[in-house]
Amino acid sequence: MDRKYVPDEVERKWQDRWIAEGLFTARRTDREKFYCLEMFPYPSGRIHMGHVRNYAIGDVIARYKRMRGFEVLHPMGWDSFGLPAENAAIKEGVHPARWTYENIAYMKKQLIRLGLSYDWSREVTTCSPGYYKWNQWFFIKMYEKGLAYKKASFVNWCPSCLTVLANEQVIDGKCWRCDSDVVQKELEQWFLRITRYEDELLQACDTLAGWPENVILMQKNWIGRSEGVEAVFKIDGQEGSLLIFTTRADTLFGARFLCIAPGHPMAAKLVSDKAALEEVKRHYGKMEEKHGLFTGHYAINPVNGDKLPIYAANFVLMEYGTGAIMSVPAHDQRDYEFAQKYSLPVKVVIKPAGGGPLPEGKAFEEEGVLVDSGPFTGLESAAARAEIAKALEEKGLGRRVVNYRLRDWGISRQRYWGTPIPMLYCEQCGIVPVPEEDLPVVLPENVKFTGKGGSPLAESQDFVNAVCPKCCGRARRETDTMDTFVDSSWYYVRYCSTEDEPALDKENIKYFMPVDQYVGGVEHAVLHLLYSRFFMRVVRDLGISGVSEPFQRLLTQGMVCMETVKCPEHGWIYPSEAKDGKCAKCGRPVERGRTEKMSKSKKNIVDPNQLIGAYGADTARLFSLFAAPPEKDLEWSEKGVEGAYRFLQRIWALVYGNLEKLKAAKSTPQGVSPLVRKTHQTIMRVTRDIERDYHFNTAIAGMMELMNMLASVEPDDKNAGEVRFAVERLLLLLSPFCPHVAEELWEAIGMPPSIQSQPWPEYDEDAAREEEIELVVQVNGRVRAKIMVPQGLPDEMLKEKALADPKVKEFTSGKEIAKILAVRGRLVNIVVK
RNA sequence: GCGAGAGUGGCGGAACUGGCAGACGCGCUGGACUUAGGAUCCAGUGGGGCAACCUGUAGGGGUUCAAAUCCCCUCUCUCGCACCA
């Protein structure tokens, strides 16, 4: 009867049953669907607490929606291409495929051990040919539509390893392996024309009602739309001209010189000292002191004919606008700094509208009133911009344009472990896509991983040598692979069909898309989400789906944090290595650092395996959900975990301690007792807290309150029915959070499994309402009395009762009552003078 | 620098549209049961005061019968972008 709670035993039992019974498979039905998705992990080896939190949140939502009667699609997979696998191959000699698939097998076990309710028949593994075939297919479709193209672009290059480096392999401008200085090397690379959708992607941001404000803002800023004008500056005494972009046409009369990017085509033409130009290029794009070089030429300001010197400058970006700017040192801080360094003149053309003074020693960048600006003098900035733009357009020397910060998406990677870009270079026909029927272009397995030289694929002659599908002549295969963000840009579409079904089944996609709830970390707020929004539109424009926005609602969960401990001798140490404020190794007093995101380097990590081993998956889930609302950072606390465990123990003890009485009782409460009322209130609260932005922490608090009340009720013949009623409801409410305990106890009290297939409990609003309420009486805003009154009395009665209260009289006697207010039948405030 | 968000007990966090500040959990204090307690149960727990009461949501001002919540200023922290012309 007094069975002990052994989480491991209970959890494995139910995990096996759920899988055997296929409770979590989704299929197309007449019911309304709910697509619940969590960002799939990179198979790094083992899961971390961040995954536990992310997937616990998603699992509660999926299980809750199932109980609410939805056909829930809740899939999981592996973002399994990427650099770490290749690094492991270089360092340890394991093949990336083996390394990856072993990691996947292990991590899958871990996820199952957490009791997550996934439909594994839809498992996606991006490094499998069956998946990346479709990356290639999309690529070819995009190539046909002009959405994929090739152009020269810079990569990080290590001159010692003779290899391209990813951004994360460049540490402080040096190679991660050999510490050599990294240089920029120009290569031909493939790009996806996301900019074709820039305007739509920006506009549609305002339709993302279910997204957090900050993420929408980050998307908008990333796209970075700005309105301005392009103006033509003729070059003095020479053929040709320079086109510049500015958002501040109102400062055009203040231009004192022009700056062009060192890589600008005109730079090479205008500058005779090539070595000096190279020097400027060396500093290009670096956040440091500005470097410039006078080209020896002048340009003519189209509005007033001023002759302005032309400089090549490191801070002017070739990728934005036209790669050339007009420099207005009086009204742009960057130009000001440049002018200071090269002793160039400054001309003020804007003054503060209020007539205040100009700042000293820096540029005045705000808007104001124009001075010294010819016919435009006296206009305000906004009006002047319009007028000057008009004047330029009339002269044919300029036009209004909109510029975006967003660049096309460079997807070429000089790596092995990624999707081969399905292109051929034919000696006769040039660039030729691999025919659809020849897909996938499979990664060859027998390649060497040295970490040196070019891409491993380029070394594989079997791979490189190909036949042109057009002319049957000799062709060379593209050896670059795709950015792994391509893989994750459409995996949610792939999930709509099972592994056995066609990959892009329109009917399946129509039924399941879009994702109703997406859950993941903020670190993907910009790139992954933007690329996915782009890809969804491509899928749409290929006629595969009618959906434009892939993710209806987005929840970005906070980080999992823990305190850090530092020893003066040993550096960061695990909290367990500190005893009584001293380092266990050397005995020196430790320094308590701040609470930070869990990371291996800071040694402030908790291993999910150990956690589950000690307390079970239900406790791990419960604590992750209870300690903070999902969107906020969560501070890990061993004591807090124990508290969560204790809560489950108490429920367990409650059921097993009264098992016979509970089993014998019928769940038919007689009337509305305090326990029955509390039960209805709890159902109401938990439901509301879940519906209101998934505030699981308060929902769990509500269940704890009900548990506390249950613990104070000793079941006897009279009340056994209502206790059983409360216990049943409590288990139902608990089941999305701690599914194993809920199942086990549900079965224990004699209910047929599975609790997962039960409907979400209903509440009775009348039964939930208190018969008596505590009326708060304030005098001049201060609480002076609390009186129990029947529910629903009219305001006049409440005021009367309040005034009659002896305590209140003490504060009102002899004073003039100015006003009495009653608020929602719960509070009365008496204002006296 | 620009943009966004946050600041509530010893700690994590509650408080729906302005209406009892501190739900729930942790910790702490006292008690019970115990050979024992780092198990369990009961009671208490923002600060000050014997008390009636006073005071309290980063700091300062304001609106209101009433402010953690709304408005203005200041400070601190976190995040994002960062030479985008």
Side-chain angles (χ1 to χ4, degrees), chain A residues 212-218 220-222 224-226 228 244-248 251 259 284-290 313-317 319-328 331-335 337-338 362 365 403-407 522-523 525-526 558-559 561 563 594-596 622-623 626-629 631-644 646-647 649-650 653 685 688-689 692 695 697-705 707-708 711-712 774-786 807 810 818-824 826-832:
Chain A
E213 276 303 322
N214 62 332
V215 176
I216 295 174
L217 200 72
M218 281 160 78
K220 284 183 177 174
N221 290 344
W222 192 261
R225 183 190 141 100
S226 60
I244 64 100
F245 172 74
T246 181
T247 54
R248 290 297 300 272
T251 65
C259 285
Y284 174 71
K286 288 192 181 160
M287 203 48 193
E288 52 179 35
E289 203 187 339
K290 294 174 175 52
N314 73 320
F315 72 96
V316 179
L317 303 175
E319 292 82 15
Y320 184 75
T322 60
I325 60 166
M326 66 167 190
S327 287
V328 186
H331 303 294
D332 184 294
Q333 187 58 26
R334 295 158 300 184
D335 298 341
E337 285 164 20
F338 193 85
K362 60 172 186 178
E365 295 191 307
N403 255 318
Y404 293 86
R405 209 189 78 110
L406 182 70
R407 317 270 155 81
V522 238
E523 64 271 23
V526 177
M559 296 180 298
C561 301
E563 68 169 355
R594 1 188 296 172
T595 299
E596 290 189 72
L622 187 65
F623 178 75
F626 177 60
E631 71 279 3
K632 294 217 330 191
D633 285 353
L634 179 152
E635 190 181 324
W636 199 263
S637 137
E638 185 68 24
K639 292 287 184 187
V641 175
E642 280 171 24
R646 205 171 297 145
F647 170 61
Q649 288 271 28
R650 292 177 73 207
R685 173 166 185 194
R688 202 192 60 198
D689 286 347
R692 173 172 62 97
H695 277 200
N697 55 331
T698 51
I700 293 166
M703 290 186 257
M704 287 174 167
E705 279 186 42
M707 176 61 222
N708 289 345
S712 66
E774 193 183 54
L775 179 71
V776 175
V777 186
Q778 298 179 332
V779 179
N780 284 350
R782 299 190 168 190
V783 181
R784 295 302 180 187
K786 295 178 178 182
K807 191 81 201 172
E810 258 180 58
K819 207 187 213 179
I820 307 181
L821 296 106
V823 183
R824 276 181 264 159
R826 286 196 283 119
L827 181 143
V828 170
N829 189 12
I830 304 164
V831 186
V832 297

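Naming convention: chains lettered A, B, ... in sequence-line order (proteins, then strands); numbering from 1 in each chain.
- Using P as the reference atom, B/rU17 and B/rC83 are 40 Å apart when rounded to the nearest Å.
- When rounded to the nearest whole Å, the span between CD of A/Glu213 and C1' of B/rG5 equals 11 Å.
- Whole-Å rounding puts the A/Asn708 CG to B/rC24 P distance at 7 Å.
- Atom pair A/Asn829:CG and B/rC20:P shows a separation of 11 Å (rounding to whole Å applied).
- When heavy atoms are screened at a 4.0 angstrom cut-off, A/Leu317 is found touching base atoms of the nucleic acid.
- Side chains of A/Arg405 and A/Asn221: a donor-acceptor N/O pair is absent below 3.5 angstrom, by distance only.
- Comparing the P positions of B/rC24 and B/rA32 gives a spacing of 26 Å, expressed to the nearest Å.
- Atom CG in A/Asn214 sits roughly 10 Å away from atom P in B/rA6 (whole-Å rounding).
- Distances from the side chain of A/Val831 to the nucleotides B/rC53, B/rC65, B/rA15 place B/rC65 closest.
- With hydrogens and angles ignored, no donor-acceptor pair closer than 3.5 Å exists between the side chain of A/Lys286 and the base of B/rC83.
- Aromatic ring centres of A/Phe626 and A/Phe647: separated by at least 6.0 Å.
- If you check B/rC65, B/rC16, B/rG25 against the side chain of A/Arg826, the one that comes closest is B/rC16.
- The A/Ala628 side chain lies nearest to B/rG13 when the options are B/rC81, B/rG13, B/rG19.
- Atom pair A/Phe626:CZ and B/rG25:P shows a separation of 7 Å (rounding to whole Å applied).
- Among the heavy atoms of the strands, none lies under 4.0 Å from A/Ser327.
- Listed nucleotides: B/rA23, B/rA85, B/rC65. Nearest to the side chain of A/Thr698: B/rA23.
- Pairing analysis of RNA chain B (Watson-Crick: purine N1 to pyrimidine N3 plus N6-O4 or O6-N4; G-U wobble: N1-O2 and O6-N3; both under 3.5 Å) yields stems of 3 or more pairs at B:1-7 with B:75-81, B:10-12 with B:24-26, B:27-32 with B:40-45, B:46-48 with B:53-55, B:58-62 with B:70-74.
- For the pair A/Met559 CE and B/rG12 P, the computed distance is 15 Å after rounding to whole Å.
- Across all strands shown, A/Val328 has no heavy atoms under 4.0 Å from either base or sugar-phosphate atoms.
- Atom pair A/Leu827:CG and B/rA15:C1' shows a separation of 15 Å (rounding to whole Å applied).
- For A/Asn314, counting side-chain heavy atoms from C-beta on, the closest listed nucleotide (B/rC83, B/rC41, B/rA23) is B/rC83.
- The side chain of A/Lys290 lies closest to B/rC83 when the candidates are B/rG13, B/rA85, B/rC83.
- When distances are taken from the side chain of A/Asn697 to each of B/rC83, B/rG27, B/rG13, the shortest belongs to B/rG13.
- Note on A/Met287: a base of the nucleic acid sits closer than 4.0 angstrom, heavy atoms only.
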Reading nucleotides 28-33 of chain B 5' to 3', which nucleotides get B (base under 4.0 Å from a protein heavy atom), which S (sugar-phosphate only), which -?
------

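- Whole-Å rounding puts the A/Glu635 CD to B/rG7 C1' distance at 15 Å.
- A donor N or O paired with an acceptor N or O is found under 3.5 Å between the base of B/rC20 and the side-chain atoms of A/Lys786.
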